[in-house]
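To keep things clear, I will list the structure first and then write my remarks on it.
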Amino acid sequence: MAAAAPLAWGDPLQGPLLTQPFDLVLASDVLYQQEALPLFVRTFADLCATGAHGLLCCERRPTLPLPTALFEGAGLRLCAVPLGEQHPEWRSEDIELFEVQLKAAGGGSSS
């Protein structure tokens, strides 16, 4: 089943569509305001808290680098998907794709 619900970054997860465990969390073209980055990362971490697999797709913006430290601080591990592993019709040199998962307990990597 797939579902969608409105959610502002940083708001608590409430309601039947936002309080259930997720298998997959998708985010695309959502990183473009510096002041919203901590709120987005916290919300993404909350959505992945039950072990959901996340995919984050974003444009490379030299003036707004990917907030890797924020993701790590929220207990998330980012893994870049190499361009060669992306769909040949939809990949682009100026778009980055990341798999996002909870860090394993104890600081090791998860599979």
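The structure presented is a predicted model; accordingly, all values stated were derived computationally and were not measured.
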(request) Can you see which heavy atom on P12 is nearest to which on L7, and at what distance? (result)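 Scanning both residues completely, I find the closest heavy atoms to be O-CD1, 4.4 Å.
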(request) Please name the pair of heavy atoms, one in F40 and one in A27, separated by the smallest distance, quoted to 0.1 Å. (result)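 Reported closest heavy-atom pair: CZ-CB, 3.9 Å.
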(message) Taking CG in D94 as the centre, count heavy atoms belonging to other residues, nucleotides or ligands within less than 6.0 Å. Is the count above 12?
(response)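 Yes, because the 6.0 Å sphere around CG of D94 holds more than 12 heavy atoms from other groups.
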(request) Taking the side chain as every heavy atom from C-beta outward, state whether V25 and L56 have any pair of such atoms under 4.5 Å apart. (result)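 Heavy-atom side-chain distance check fails, nothing below 4.5 Å.
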(message) What I'd like to find out is whether the side chain of L64 reaches to under 4.5 Å of the side chain of L37, using heavy atoms alone.
(response)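 SC-SC contact between L64 and L37 confirmed.
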Pairwise distance [atom1]([X]) to [atom2]([Y]) - rounded to 0.5 angstrom:
| X | Y | atom1 | atom2 | answer |
| --- | --- | --- | --- | --- |
| K103 | R77 | NZ | CZ | 10.0 Å |
| R42 | L76 | CZ | CG | 13.0 Å |
| Y32 | T63 | OH | OG1 | 14.0 Å |
| C57 | D29 | SG | CG | 8.0 Å |
| I95 | R91 | CD1 | CZ | 14.0 Å |
| C48 | L24 | SG | CG | 8.5 Å |

(request) Say whether, by atom type as modelled, one donor and one acceptor occur between the side chain of R61 and the main chain of L31 under 3.5 angstrom. (result)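 Such a contact is found between R61 side chain and L31 backbone.
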Cluster link [X] to [Y], ILVMFWY, side chain under 4.5 Å:
| X | Y | result |
| --- | --- | --- |
| L47 | L55 | no |
| L39 | L18 | yes |
| V30 | V81 | no |
| F98 | F71 | yes |
| L66 | L83 | no |

(message) Suppose the criterion is side chain to side chain donor-acceptor pair (under 3.5 Å): which pairs have a residue in residues 3-21, not counting sequence neighbours?
(response)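 Not a single pair qualifies under side chain to side chain donor-acceptor pair (under 3.5 Å).
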